[in-house]
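Fair warning: this is a prediction, and the values are worked out from it, not measured in the lab. Because only heavy atoms are used, hydrogens play no part in the values below, and waters and symmetry mates are left out as well, while side chains stay in.
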Amino acid sequence: QVQLGESGGGLVQAGGSLRLSCAASGRTSSRYVMGWFRQAPGKERQFVAAIRWSVSSTRYADSVKGRFTISRDNAKNMVYLQMNSLKPEDTAVYYCAADRTGLLGTNPAAYDYWGQGTQVTVSS
């Protein structure tokens with residue numbers, strides 16, 4: 001089992017920045033892909049970004065490319081999402097997730113473990 005816990009959400013004005021953190025514990029593996037997803041009220045859960053633990057391979061949704069950066073600290077079992085130039089449409093609950101297959105997928109169904117989520121609200 002893998003436990004994930006997000007932090008760093010909050011209220012920010014449009015154009016501002018936030019950094020989300022995800023702490024992973026339990027039976028983590030260097031093969032796992034770590035991802036960030038988000039879900040706005042009334043909408044489906046949406047892929048944001050993903051990164052492999054063992055190599056610096058990343059993948060981003062088109063809507064966040066150039067604004068968001070995913071990174072990880074293997075020694076601390078932490079994954080981060082730096083969000084810059086935030087827009088009101090980025091408002092959502094952000095979730096950290098882990099995928100055992102290591103495929104950098106964008107489908108939430110492919111991810112095996114999930115955190116509880118952290119709210120990000122961007123005001124206009």
(request) Check the pair Ile51, Val79 against side-chain contact (heavy atoms from CB on, under 4.5 Å), reporting the backbone distance first and the verdict last. (result) CA-CA 9 Å; Ile51 187 168; Val79 180; 4.3 Å; yes
(request) Check the hydrophobic clustering (I, L, V, M, F, W, Y; side-chain heavy atoms under 4.5 Å; chains of links allowed) and say if Leu104 and Phe47 are grouped together. (result) yes
(message) I need the minimum non-hydrogen distance between Gly8 and Leu18, along with the two atoms involved.
(response) O-CD2, 3.9 Å
(request) Rounded to the nearest 0.5 Å, what's the gap from CD on Gln3 to OG on Ser25? Could you check? (result) 4.5 Å
(request) Kindly write out the residues that satisfy side chain to side chain donor-acceptor pair (under 3.5 Å) with Asp62, not counting sequence neighbours, or none if the list is empty. (result) Lys65
(request) Please round to the nearest 0.5 Å and tell me the distance separating atom CH2 of Trp36 and atom CD of Gln46. (result) 15.0 Å
(request) Applying side chain to side chain donor-acceptor pair (under 3.5 Å), name anything that partners Arg45, two or more places apart in sequence or on another chain. (result) Gln39
(request) Taking the side chain as every heavy atom from C-beta outward, state whether Pro108 and Trp114 have any pair of such atoms under 4.5 Å apart. (result) yes
(request) Quick one: pull up CG in Leu20 and CZ in Phe68 and give me the separation to the nearest 0.5 Å. (result) 8.0 Å
(request) Measure the CZ-CZ distance between Arg100 and Arg27 for me, rounded to the nearest 0.5 Å. (result) 10.0 Å
(message) Taking side chain to side chain contact (heavy atoms under 4.5 Å, CB included) as the definition, give me every residue that meets it alongside Thr101, ordered by chain and number, with sequence neighbours left out.
(response) Asp99, Leu103
(request) List in chain and number order the residues that pass side chain to side chain donor-acceptor pair (under 3.5 Å) with Ser71, two or more places apart in sequence or in another chain; answer none if no residue qualifies. (result) none
(message) Can a donor-acceptor pair be found, under 3.5 Å and without considering hydrogens, that links the side chain of Gln13 to the backbone of Ser123?
(response) no
(request) Considering only Ile, Leu, Val, Met, Phe, Trp and Tyr, and joining two whenever side-chain heavy atoms are under 4.5 Å apart, list the other residues clustered with Tyr80. (result) Met78
(request) First locate atom CE of Met83, then atom CD1 of Ile70, and finally report the distance between them rounded to the nearest 0.5 Å. (result) 12.0 Å
(request) Could you tell me whether the side chain of Tyr32 reaches within less than 4.5 Å of the side chain of Val2, counting heavy atoms only? (result) yes
(request) State which residues pass side chain to side chain contact (heavy atoms under 4.5 Å, CB included) with Val122; sequence neighbours excluded, sorted by chain then number. (result) Val12, Ala14, Leu86, Pro88, Asp90, Thr91, Val120
(message) Once salt bridge (Lys or Arg N to Asp or Glu O under 4.0 Å) is applied, what residue pairs with a partner in residues 101-110 remain, sequence neighbours excluded?
(response) none
(request) Sequence neighbours left out, what passes side chain to side chain donor-acceptor pair (under 3.5 Å) with Tyr94? Give chain and number order. (result) Arg38
(request) Please identify each residue that fulfils side chain to side chain contact (heavy atoms under 4.5 Å, CB included) with Gln82, with sequence neighbours left out. (result) Ser17, Arg19, Thr69, Asn84
(message) To check you understand the geometry: which heavy-atom pair defines the closest contact between Cys22 and Met34, and what is its length?
(response) SG-CE, 4.4 Å
(message) Between Tyr95 and Gln116, is the side-chain contact (heavy atoms from CB on, under 4.5 Å) condition met? List the steps.
(response) CA-CA 7 Å; Tyr95 297 92; Gln116 80 287 354; over 6 Å; no
(message) Can a donor-acceptor pair be found, under 3.5 Å and without considering hydrogens, that links the side chain of Thr121 to the backbone of Leu11?
(response) no
(request) Output all residues satisfying side chain to side chain contact (heavy atoms under 4.5 Å, CB included) with Glu44, sequence neighbours left out; order by chain, then residue number. (result) none
(message) Tell me the closest heavy-atom pair linking Ala49 and Leu81, and the distance in Å.
(response) CB-CD1, 4.2 Å
(request) Rounded to the nearest 0.5 Å, what's the gap from OG on Ser57 to CZ on Arg52? Could you check? (result) 5.0 Å
(request) Go through the structure and list residues passing ring-ring contact (aromatic ring centres under 6.0 Å, His included) with Tyr111, not counting sequence neighbours. (result) Phe37
